[in-house]
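Take a look at the structure set out below.
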Amino acid sequence: MRHAPIVIMTAVMLTACSQQSTYQTISGETMGTSYHIRFEHADNASDAVRIQATIDERLKAINDSMSTYQENSTISRFNRLPAGESLMIDDDFVQVLSDSRAVYEASHHAFDPTVHPLVELWGFGSQMSIERLQSPPRADELADAKRLVGLEKVMLNGHELSKTVDGVGLDFSAIAKGYAVDVIADTLHDHYGVVNYMVEIGGEVATLGVNDKGKPWTLGIDAPVVDSSVASRSVLTTLTQPVGESMRLATSGGYRNSVEYDGVRFSHTIHPVSGEPVANNAPSVTVLHQTVALADAWATALTALPYPEALALADAQGLMAMFVIENSTKTGFEIVQTVSMKQKFAK
């Protein structure tokens, strides 16, 4: 499993927005990507300014806690911490670590925020190449990297975080954006009484209520076309929020960062247990959950497994998941839903 600085997610809002003044739109930059929020509130432009200031303050706190790109963030300081020493962490960090551990255990370690040493060993950064597949790491190199992998090596006592092995580090890039969406959605609802909203960060999405047409929010899922870009995306299917419910979802896929070698397509994903790149996984997996953070983590976990194993695990866990796989003729895609997903959207 690879934790990338940008989670590759393909949900977009399809419903057009009218010019009704009670619906407002705010956007900004965060976590190496952008956020977009559409919500209904009082007919006053100052409301949007005040709400955005609150949201930006919370997002800054999350970045200061969990950004691996900030040298003095909490997570960066932990990653430099020697084994046996402890570091005080904030409530956001505690929650994300707790969610990570829950998915780590339930997914049989397919989701693991300590996997970065393996990603580095295979050279799977923002640009992939077949060089490492042609000349893979030696067994001793894999063993050394795997010694630093495993969330059980990270210990939490209250708000004191420590590690049992020098060199162990955390990377929450496959869950932090989802958590930030939850934080924004909860801020809108709990602090400002907003009951109609759509919140999106880098593709992770939370919706509630109705859009400015009075209809439930509709989201589009891209076709996982290899080498496609955000600009050249093609919507494959849509999901419409069930009436009277919220919808919190995330999509993960490696089709925009993959390589073919010896007739097999490998994504950027590294399986934390085997320590090797994953082949024959689903190009795109969408998960709905009670929080976007959990949806984000589970979507990542399910892309870190070969498709048959991922589908079996999702059904065994009762997950609402939708897999997009290539059809047998290689000319298109097939959508496969878990039992819980089918029940959720049954007509």
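Starting from 1, each residue takes its place in the sequence as its number.
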Side-chain touch [X]/[Y], heavy atoms, less than 4.5 angstrom:
X: Leu239; Y: Leu288; result: yes
X: His116; Y: Asn79; result: no
X: Val324; Y: Pro283; result: no
X: Leu170; Y: Thr114; result: yes
X: Asp56; Y: Tyr35; result: yes
X: Ile201; Y: Thr33; result: yes
X: Leu142; Y: Leu118; result: yes
X: Ile62; Y: Arg58; result: yes

Between [atom1] of [X] and [atom2] of [Y], what distance do you get to the nearest 0.5 Å?
X: Tyr179; Y: Thr291; atom1: OH; atom2: OG1; value: 10.0 Å
X: Leu302; Y: Thr251; atom1: CG; atom2: OG1; value: 11.5 Å
X: Ile75; Y: Ser65; atom1: CD1; atom2: OG; value: 7.5 Å
X: Met66; Y: Met31; atom1: CE; atom2: CE; value: 6.5 Å
X: Ser100; Y: Leu294; atom1: OG; atom2: CG; value: 9.0 Å
X: Arg248; Y: Gln290; atom1: CZ; atom2: CD; value: 10.0 Å

List the atom of [X], the atom of [Y], and the distance in Å for their closest heavy-atom pair.
X: Ala304; Y: His271; result: O-CD2, 3.0 Å
X: Gly209; Y: Gln241; result: O-NE2, 2.8 Å
X: Phe111; Y: Ala174; result: CE1-CB, 4.0 Å
X: Ala282; Y: Thr303; result: O-CG2, 4.4 Å
X: Pro117; Y: Ala145; result: CB-O, 4.0 Å
X: Thr240; Y: Phe345; result: O-CE2, 3.2 Å

Is the side chain of [X] donor-acceptor paired with the backbone N or O of [Y] at a distance under 3.5 Å, no angle test?
X: Asn196; Y: Asp212; answer: no
X: Thr68; Y: Asp171; answer: no
X: Asn211; Y: Trp217; answer: no
X: Gln52; Y: Ser27; answer: yes
X: Tyr197; Y: Ile37; answer: no
X: Ser76; Y: Gln70; answer: yes
X: Asp182; Y: Ala293; answer: yes
X: Glu85; Y: Pro82; answer: no

I'd like to know if [X] and [Y] make a salt bridge, using a cut-off of under 4.0 Å between side-chain N and carboxylate O.
X: Arg147; Y: Asp144; answer: no
X: Asp296; Y: Lys177; answer: no
X: Asp64; Y: Lys60; answer: yes

Common cluster, [X]/[Y], ILVMFWY with side-chain heavy-atom separation under 4.5 Å:
X: Val168; Y: Leu87; result: yes
X: Leu305; Y: Val273; result: no
X: Val195; Y: Phe39; result: no
X: Ile325; Y: Leu313; result: yes

Open item on the list: Could you work out, with salt bridge (Lys or Arg N to Asp or Glu O under 4.0 Å) as the rule, every residue matching Asp90, not counting sequence neighbours?
Closed with: none
Task: Test item: side-chain donor near acceptor, Glu326 and Tyr307, under 3.5 Å - done: no
- [ ] Take Phe323 and Thr338, measure what side-chain contact (heavy atoms from CB on, under 4.5 Å) needs, and give me the verdict at the end.
- [x] CA-CA 8 Å; Phe323 297 80; Thr338 58; 4.2 Å; yes
- [ ] Report the C-alpha separation of Arg101 and Leu97 in whole Å, then their side-chain angles, then the decisive distance to 0.1 Å, and conclude whether the side-chain contact (heavy atoms from CB on, under 4.5 Å) test is met.
- [x] CA-CA 6 Å; Arg101 200 177 300 278; Leu97 180 60; 4.1 Å; yes
- [ ] Verify side-chain contact (heavy atoms from CB on, under 4.5 Å) between Met198 and Val205, making sure each step is shown before the conclusion.
- [x] CA-CA 7 Å; Met198 190 281 300; Val205 183; 4.1 Å; yes
Side chains of residues 148-161: which donor-acceptor pairs under 3.5 Å do they make with residues two or more places apart or in other chains?
residue : atom : partner : partner atom : Å
Glu152  : OE1  : Tyr104  : OH           : 2.3
Lys153  : NZ   : Val149  : O            : 2.7
His159  : NE2  : Asp91   : OD1          : 2.6

Open item on the list: Please evaluate residues Thr300 and Ile175 with respect to the criterion side-chain contact (heavy atoms from CB on, under 4.5 Å), reporting the C-alpha separation (whole Å), side-chain torsions for both, the decisive distance (0.1 Å), and the verdict.
Closed with: CA-CA 9 Å; Thr300 303; Ile175 187 172; over 6 Å; no
Open item on the list: Quick check on side chain to side chain contact (heavy atoms under 4.5 Å, CB included): which of Val199, Thr54, Ile51 does Thr187 satisfy it with?
Closed with: Thr54
